[in-house]
Each structure stands twice: as C-alpha cells, then as structure tokens.
Amino acid sequence: SFIHSFIHSFIPLFTFSMSNDIVFQSTTTAARLERIGAHSHIRGLGLNELLETTTTTSGTASNMIGQVAARRAMGLVWKMIQKGKIGGRSVLLAGPPSTGKTALAMGLAQELGDDVPFVNLSASQVFSLDLSKTEALTQAVRRAMGVRIVEETEIIQGEVVEIQIDSLLGNAGGGGAEKQKSTTGGLTKSGRLTLCTTEMETIYDLGAKMIDMLRSEKVSAGDVIRIDKASGKISKLGRSFSRSRDYDAVSSTTKFVQTPEGELQKRQEVVHTVSLHEIDVINSRQQGFLALFAGDTGEISQEIRNQIDAKVAEWKEEGRATLVPGVLFIDEVHMLDMECFSFLNRALESELAPVLVIATNRGVAKIRGTDYTSPHGIPLDLLDRLMIISTQPYAVDELRQILHVRCQEEEVTMEPTALELLTRIASETSLRYAIHLIVTAQLFAKKQGREKITMPDIERCFALFVDVQRSTKLLMKYQGQFMFNELNVEEEPSTGKDSKTQSATESEESKTEAMEESS
C-alpha cells in the first residue's frame, strides 16, 4: 500500500542476505545549529501532575514566569490532548502585548514532546502567492494531524563473539556479477560473523558491504549489535558486561549492556509517526518523499486526500494505525479574513481535526475585509466555539525574574543594580524593549573590556536606542519634517484634537525625563 511504501521511503533501500552483499546508501548527518530565540528559554509549562506550579532555587524549572491561572488552564488543555479528549476543540489566548501568549503555546509544545505534531503558523503566512488561503490552511491542519503506524520487523540481536575477515586476490580468469560486487581494488573480501545469546550461538557469512558497515560502526568482539533484516542497518547497542574486565581503562562514554537472551532472530514492533500532509505530498508528486525536502508541495487535489483518509480509516479499523491529534497554533489570528474564519469553522467539525490554539492582542476591532466590529477581531460564531484564556500584564517581580532568565539563556552576567534599572525600564516601557537591551549592553561592556554588565552600560544603550514613547515624542516634535504627515501642523495646538495630543505628549515627556533623571 502507499502508506507502507511511504514508511520505507525514509529508510535507505537495503538488500539483506547472510551469504550475499548488502547494497546500501550512505548518508551524512548535518551538525545541528543552536540559536538563541525569543522563546528558546521555555522548557515547558512548569506544572506538576496536580497542575500546581513547580519552582526551584533559581526559579521555575521550565523558565515560565507568572501567568499562573493561564498556565493552569493550558495545563488542562495539555492533559486533555494526552488523553485524546479534545480533538477538534479550539483555545484562544487573548491579552495585551508582551504578556506571554506565544510563550504559553511554546510551553505546551514542549510538554507534548516530539511524538505529537505541533505546527506554528502566523496568520500572515496564509496570504501567499503560491497557494490559496484555504489550501494553505488545509495543509496546516493536516500537518498538525499525526498518524501513528505500528509494524513488525525482523531483527538479529546478539553479542559479537568473533569477526573473521579474509582478503583474497581476485581471479582474473572469470567471475560473474556476484564476484565483481565483492571485489575492490583486485581483492575479494569475505568473512564470518559469530553472534551469540545466553542460549545459542550462530555463524553468519559476510559480504564486502557488510564488512565495510561493521568497520564503519567500529564493531569488535564483545559488542552487542542489532541488525535490521528489512533495511540491513547495523546498530551498536553497547558493550557486553561479560567483557567489562577486558581492559584496565575504559572510556566514560562506553555503555555496558546485558547479553541478549533467547533466539538471535526476533520480531520487533516499530512505531512510525507521520503527518497526513506528508502522506499527501508523497502520493501527489512524482519525486515522492523528496518533494518534502525540495519544498515542492503546491496545490493537492481533494481526490488524493479523500483516498488517503479512506486508507487511514481502514488501517485504524484494523488496529494498525491510530490518529494523533496535534496542535495548530496560529499567532496574530486577527489578520485572517471572513473566508479563513469560515474555513476554520468547518474544519473543526471534521474527524481529522487537530487542537486549534490561536492568539491575538486585539480588543474590539474590525474583522479584516469587513466593516463589522467584534471582540478580538474574530467573528462571534467562531468565538462561541473557543475556550478563552486571558493573560494579564506582568508584575515588577515577575519582570525581574524574566529578565534574569533571559540573562542566563544568553549567557550574560549583570550586576544587581543594572538588573534593577532594566526591570524599571521594562515596567515603564515594554518587556521586549528591555530584553533587546541585554545583548546591546553586553556588547558595549565587552568594548570597554568588561564581562559583567553595569548600570552605565544600560544607561548608554537606553540613550542610544529609543523606545516607543520617546519615538512618539520625537515624531510629534518633528512631525512637519516627515513625509506624508496626516497631522495638520498649521493649526493651533491649543484647541481640538491637537490639545489632547499635546497633553499626551507632555505627560510622556515628564515620564521619560523622570526616568532619565533617576537613571
């Protein structure tokens, strides 16, 4: 079936035989690029089994600060997702900017783990030139729906007793294709591999490719290995405890395991978790699974999706597959229009619907593309389907803890006085602005030959990079010199709308001057 071929398309194609060679494709692994992001410090929701916040001596174990009620509500969502009780439900995270809405979604993703699909999508990504709005949302929904497929495979697992390798000169007078396969540089490689368990011992013939794989894995006598008969892959599980005294010194990375028991050849269950969108792409493109890496997804016909849904339902009835409803997180959801909201309404009623988590920082606003106003810029019929979780502005102590966690994440050392000044800046301007000052202050301190950030470093960066309030004050002061200015600078500022603007500007100036004097 196409799902069975999909599973094995990710595994290099092997031809396994104890007396013949193993033809395989070598792959290389790329080094992982570590990067500090805006929410890379989030490790989870920071809740125990009773949905109570967990704390350590240095703060919360998950680096989640504040928003206790919202975290407990999200913890309930996490528990329901684990038990499969919330498929097709929706959650709305609503709150002012910089109140941890995206951090809650990232914490939920960390708690769910790698086995549950989590798709992070911005509402502006829906409006693409390559795909229609409904197609982009359909692909996002199906990426968030996982299918856990269970299949059995035969393996050979045992302790290596002996590896014997013979190299003979090739016969120039003859030899067929099989002889040419095992001939490299005029030498014919052959050998025997002796494996044992606690109950039996068997000798297997080796070909040249099998010998090369054993050498690449650095397998020696005393190692416990596993050979997948379907793919031919060799995995070294560790070193046998019976050989632990062979050497006086052993590396700290050496892992010792017990010698396997029972038969050498066993059947083992293998679990694959794939998304419905991956199956769609593989069955709609000639390149197969390579289209996933090339990014050539494009529009996928509904007929293919219907056939895949029918096949998944058949596998589900046979007990060979289970559905894994994941999470689709859409940030800045107020950027969607009525067509997208109508699609989400219909998609949530489907059996193959993930958990929808959306976030917005809008109050009562117009729905995009219409003249109708609604809470959070979302239609009322969709709001009625949502479980709304509200977030509140952070207190001063919580801001201080968040800034301390960010300093640890970015490996920055800061004096307590500098941290207090940065906390005050975050409370009077914004948390994001204060977080941006951490790296800039660190660079300024390094230019001065210091590793620790001091208060003058924060003051210097505060003077160089203005926040929104000071930028607004400069804008009002020099508004006549800006292009396409909509404010009428010729009118007297003492009457009408300009008087309100002037009073607001004066209050902002007084706040900024007071903060500069205190710093």
Side-chain angles (χ1 to χ4, degrees), residues 35-47 51 53-54 60-82 85-126 136-137 140-141 143-146 275 324-336 340 344 347-348 353-362 376-378 382-383 385-394 398 402 405-406 409 431-432 435:
R35 180 178 178 272
I36 298 177
H39 300 93
S40 59
H41 62 283
I42 301 297
R43 306 287 187 268
L45 294 174
L47 301 173
L51 301 181
T53 56
T54 57
T60 59
S62 62
N63 289 337
M64 282 286 291
I65 309 297
Q67 307 296 345
V68 177
R71 285 159 59 188
R72 288 177 177 173
M74 190 62 75
L76 285 174
V77 175
W78 165 44
K79 293 296 184 182
M80 287 188 286
I81 293 175
Q82 282 187 325
K85 303 292 185 181
I86 197 174
R89 305 292 179 87
S90 304
V91 179
L92 171 63
L93 300 174
S98 299
T99 54
K101 297 181 294 297
T102 306
L104 286 171
M106 295 299 105
L108 176 63
Q110 293 291 333
E111 296 288 357
L112 291 175
D114 297 332
D115 292 336
V116 179
F118 184 89
V119 179
N120 190 355
L121 181 70
S122 178
S124 57
Q125 296 178 243
V126 175
L137 286 174
V141 168
R143 279 202 306 268
M145 277 300 300
S275 67
V324 184
V327 177
L328 172 60
F329 174 61
I330 303 179
D331 202 1
E332 305 293 337
V333 72
H334 54 269
M335 296 296 295
L336 299 179
C340 298
L344 291 177
L348 293 177
V355 179
L356 178 65
V357 179
I358 57 180
T360 181
N361 55 15
R362 291 294 191 270
H376 311 297
I378 302 174
L382 181 59
L383 278 175
R385 300 171 181 262
L386 302 177
M387 297 186 296
I388 303 177
I389 301 175
S390 62
T391 56
Q392 307 297 327
Y394 289 107
E398 295 171 347
I402 293 173
V405 169
R406 289 301 302 179
E409 179 70 14
L431 178 59
R432 289 191 178 98
I435 291 176

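Atoms CD and CG, from E398 and L431 in turn, are 11.0 Å apart once rounded to the nearest 0.5 Å. Here I358 contributes atom CD1 and I388 contributes atom CD1; the two are 8.5 Å apart, rounded to the nearest 0.5 Å. Note that CD1 of I42 and OG1 of T102 are 10.0 Å apart. Values are rounded to the nearest 0.5 Å. From I402, atom CD1 reaches atom OH of Y394 across 4.5 Å, with rounding to the nearest 0.5 Å. Within the model, atoms OG of S124 and CG of L336 stand 9.5 Å from one another, a figure rounded to the nearest 0.5 Å. Atoms CD and OG1, from E332 and T360 in turn, are 6.5 Å apart once rounded to the nearest 0.5 Å.
Pairing each heavy atom of A105 with each of L93, the nearest pair is N-CD1, 4.5 Å. Of all heavy-atom pairs between A94 and H376, the closest is CB-CE1, 3.6 Å. Heavy-atom minimum distance, L382 versus I378: CD2-CG2, 3.8 Å. Residues A103 and M64 approach most closely at O-SD, 3.9 Å, considering heavy atoms. Minimum interatomic distance between L108 and L45 (heavy atoms only, all atoms of both residues): N-CD2, 3.9 Å. Residues V126 and C340 approach most closely at CG1-SG, 4.0 Å, considering heavy atoms.
With sequence neighbours excluded, the residues that form a side-chain contact (heavy atoms from CB on, under 4.5 Å) with L51 are L47, L76, K79. With sequence neighbours left out, the salt bridge (Lys or Arg N to Asp or Glu O under 4.0 Å) criterion links R362 to no other residue. In this view, A70 and Q67, L104, I389, T391 satisfy the side-chain contact (heavy atoms from CB on, under 4.5 Å) rule, not counting sequence neighbours.
A heavy-atom distance below 4.5 Å is not found between the side chains of Q110 and F118. A heavy-atom distance below 4.5 Å is not found between the side chains of N361 and T99. Residues M74 and R71 are not in side-chain contact: their nearest non-hydrogen atoms beyond the backbone lie 4.5 Å or more apart. Proximity of V327 to P354: side-chain heavy atoms (C-beta onward) are nowhere separated by under 4.5 Å. A 4.5 Å side-chain heavy-atom check between P117 and V324 finds at least one atom pair inside the cut-off.
Counted by atom type alone, R385 and S90 present zero donor-acceptor pairs between their side chains at under 3.5 Å.
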Does the pair F329 and D331 meet the rule for a side-chain contact (heavy atoms from CB on, under 4.5 Å), with working shown? CA-CA 6 Å; F329 174 61; D331 202 1; 4.0 Å; yes
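For E111 (side chain) and W78 (main-chain N/O), no donor-acceptor pair under 3.5 Å exists by modelled atom type. Within the 3.5 Å criterion, the main-chain N or O of P96 finds a donor-acceptor partner in the side chain of K101.
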